[in-house]
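Each remark here refers to the structure printed beneath this line.
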Protein chains: 2
Amino acid sequence: MPAMKPGAVSSPSPSFQPLYQQIKELLTQSLQHGEWHPGETIPSEIDLAARFQVSQGTVRKAIDELAAENILVRRQGKGTFVATHTEETASIFRFLRIRRCDGREEMPESRLLEVRRGKATAEVARALQMKPGEAVVVLIRVLDYSGEPIIYDEITLPSVLFKGLTKAKIDDYLGSMYSLFETQFGVRMIRADERLRAIAADAEVARELRVAPGTPLLSVERIAFTYGDRPVELRRGLCTTRQHCYVNQLS
Amino acid sequence: MPAMKPGAVSSPSPSFQPLYQQIKELLTQSLQHGEWHPGETIPSEIDLAARFQVSQGTVRKAIDELAAENILVRRQGKGTFVATHTEETASIFRFLRIRRCDGREEMPESRLLEVRRGKATAEVARALQMKPGEAVVVLIRVLDYSGEPIIYDEITLPSVLFKGLTKAKIDDYLGSMYSLFETQFGVRMIRADERLRAIAADAEVARELRVAPGTPLLSVERIAFTYGDRPVELRRGLCTTRQHCYVNQLS
DNA sequence: CAGTGGTCTAGACCACATC
DNA sequence: ATGTGGTCTAGACCACTGG
């Protein structure tokens, strides 16, 4: 069960994989299988080194990479924690890139309009790697910044993973959507791909965002992934950008 | 001249800085002062370790961070190179996030419309950390994807850093804008902040992009920085997003 | 104080590129 | 064969946290 050491490979170097990558894989599997839950600490580097029969430095390098991917969080003196969408604001803003233009940090309020059940269209099925016609849940909501409606959000989820998701359940929950998914359904969002466009507001959206139909809106399409690059959420946000904007860092 | 080792600090831990951070700082300064140029190799880890009187592992960690920031590029067996905006497509797409929606990778062609000299407005001065009224150069260009005009770009630069920038000089140059800045003016873009909005096309832009006035466009404002977080470029791109979009990865 | 992660070292060996 | 970066180890010590 322990990772095969590179030296043990007989042939010189066909598909060589470093030890720390193998450890990283094992850690990811433990996370995926729920051995440690979001917010909890994982065993110390020394313990993990003993478990996997490698040096502490090798475990360290594996954890370093997972920390760089925001899957684990290191805290000196305390331990290494499983990242969570719950808790403090810093981690919330990881997936929320819409800010006030003036730079003031402000958390939006979510207002759920509707929960609808339906079947995956061809497009949805492709994005979420489902079969066309499979059951999906669609959430429609509006995000208010300082009481003003700014984002019209449509969130599509595979029903299989979100059984028992109801409007009441969401309304009762305090915290972000991803926090809810994580705590109530065990679905943890690890990364996401986004595509941005400018579009004109249609009548329905214009009414909710209290703008004129035809107003340019920022369209943010997102596919969010859980462990193993499995897509588990399709989202389209339409955002008024008079006082707000989408921020991004290139490096 | 060598980095002060942490142990040498007398008091216990007021403002403790790890050795590898100090090495990183020294490497950054060498880059900034032009000791090594984009595309060139820097000395080997062993040589640098000898120069700074630290172990190879410490140099390694410093270089690792600079590589993670895309300032250096490691190539096993060959050496460590100063990152450049010239050369292959991979590094070009680091700062170019507008793609065809269908996923086909395609490089745009730049068509320079105008080079204008002027003075920094209050807003520009703030963004570029200049004094209002200081001289700036403004470039107006259009980017064509497959011959279709897609992006209307307005690029504002401090004249001090780009003396002798003329339309002819740009038209003659083959390669990206940042490649030109790097090779002709020694200004290297390290990172950038972007803000995205949706706006309506005005008459001027609509004509260049061959869309109806009022068409929603994606506005991408960018402030690009060189070493030491010095802002050296302000850019606003207006993009037609009928067949193109801005892609982003969250993690 | 003990336990955690963080730094630094020195040395061995591997993979890759080049001559 | 040589030199480069990449991996792995073992051990020492430092910084931070909490009992």
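The chains referred to below are lettered A, B, ... by the order of the sequence lines, with proteins before strands, and numbering in each begins at 1. Below, each value reflects all heavy atoms present in this structure, side chains not excepted, and no hydrogens, waters or symmetry copies.
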(message) Does C:dA17 have OP1 or OP2 under 4.0 Å away from a side-chain N or O of B:Arg75?
(response) no

(message) Between the side chains of B:Glu182 and B:Arg188, is the shortest nitrogen-to-carboxylate-oxygen separation below 4.0 Å, so that they form an ion pair?
(response) no

(message) Pairing donors with acceptors under 3.5 angstrom, does anything connect the side chains of A:Gln243 and A:Tyr145?
(response) no

(message) Counting the atoms with a prime plus P, OP1 and OP2 as sugar-phosphate, which does B:Thr80 contact under 4.0 Å by heavy atoms, base, sugar-phosphate, or nothing?
(response) sugar-phosphate

(request) Answer yes if the side chains of B:Thr156 and B:Glu233 hold a donor-acceptor pair under 3.5 Å, and no otherwise. (result) no

(message) What's the closest nucleotide to the side chain of B:Glu45 if the choices are D:dT7, C:dT7, D:dG6?
(response) D:dG6

(request) List in chain and number order the residues that pass salt bridge (Lys or Arg N to Asp or Glu O under 4.0 Å) with A:Arg74, two or more places apart in sequence or in another chain; answer none if no residue qualifies. (result) A:Glu45, A:Asp64

(request) Send over the distance from B:Gln21 CD to D:dA15 P, rounded to a whole Å. (result) 15 Å

(message) Among C:dT4, C:dC8, C:dA17, which nucleotide has an atom closest to any side-chain atom of B:Leu19?
(response) C:dC8

(request) Using whole Å, report how far CG of A:Leu48 lies from P of C:dT4. (result) 11 Å

(message) How many whole angstroms separate atom CD of A:Gln22 from atom P of D:dC8?
(response) 8 Å

(request) With the side chain of A:Ser55 defined as its heavy atoms from C-beta on, choose the nearest nucleotide among C:dT7, D:dG5, D:dT9. (result) D:dT9

(request) State, yes or no, whether a side-chain contact exists between A:Thr183 and A:Tyr173 at a heavy-atom distance under 4.5 Å. (result) yes

(message) Going by ring pair (Phe, Tyr, Trp, His ring centres under 6.0 Å), name the residues that satisfy it together with A:Phe81, two or more places apart in sequence or in a different chain.
(response) none

(message) Can you tell me which nucleotide in D:dG5, D:dT7, C:dT9 comes closest to the side chain of A:Tyr20?
(response) D:dT7

(request) Examine the side chains of A:Glu194 and B:Tyr246 and answer whether a donor and an acceptor come within less than 3.5 Å of each other. (result) no

(request) Report the distance from atom CZ of B:Phe81 to atom C1' of D:dG3, rounded to the nearest whole Å. (result) 13 Å

(request) Within residues 56-69 of chain A, find the residues that approach DNA chain C with a heavy atom at under 4.0 Å, and present them sorted by residue number. (result) A:Arg60

(request) Can you tell me the distance, in whole Å, between the NZ atom of A:Lys78 and the C1' atom of C:dG6? (result) 16 Å

(request) Grab the CZ-C1' distance between A:Arg74 and C:dG5 for me, whole Å please. (result) 6 Å

(request) Could you work out which one of C:dC16, D:dC8, C:dT7 sits closest to the side chain of B:Gln76? (result) C:dC16

(message) Measure CZ/B:Phe16 against P/C:dG5 and give the value in whole Å, please.
(response) 17 Å

(request) Find the distance B:Ile46:CD1 to C:dA12:P and express it as a whole number of Å. (result) 13 Å

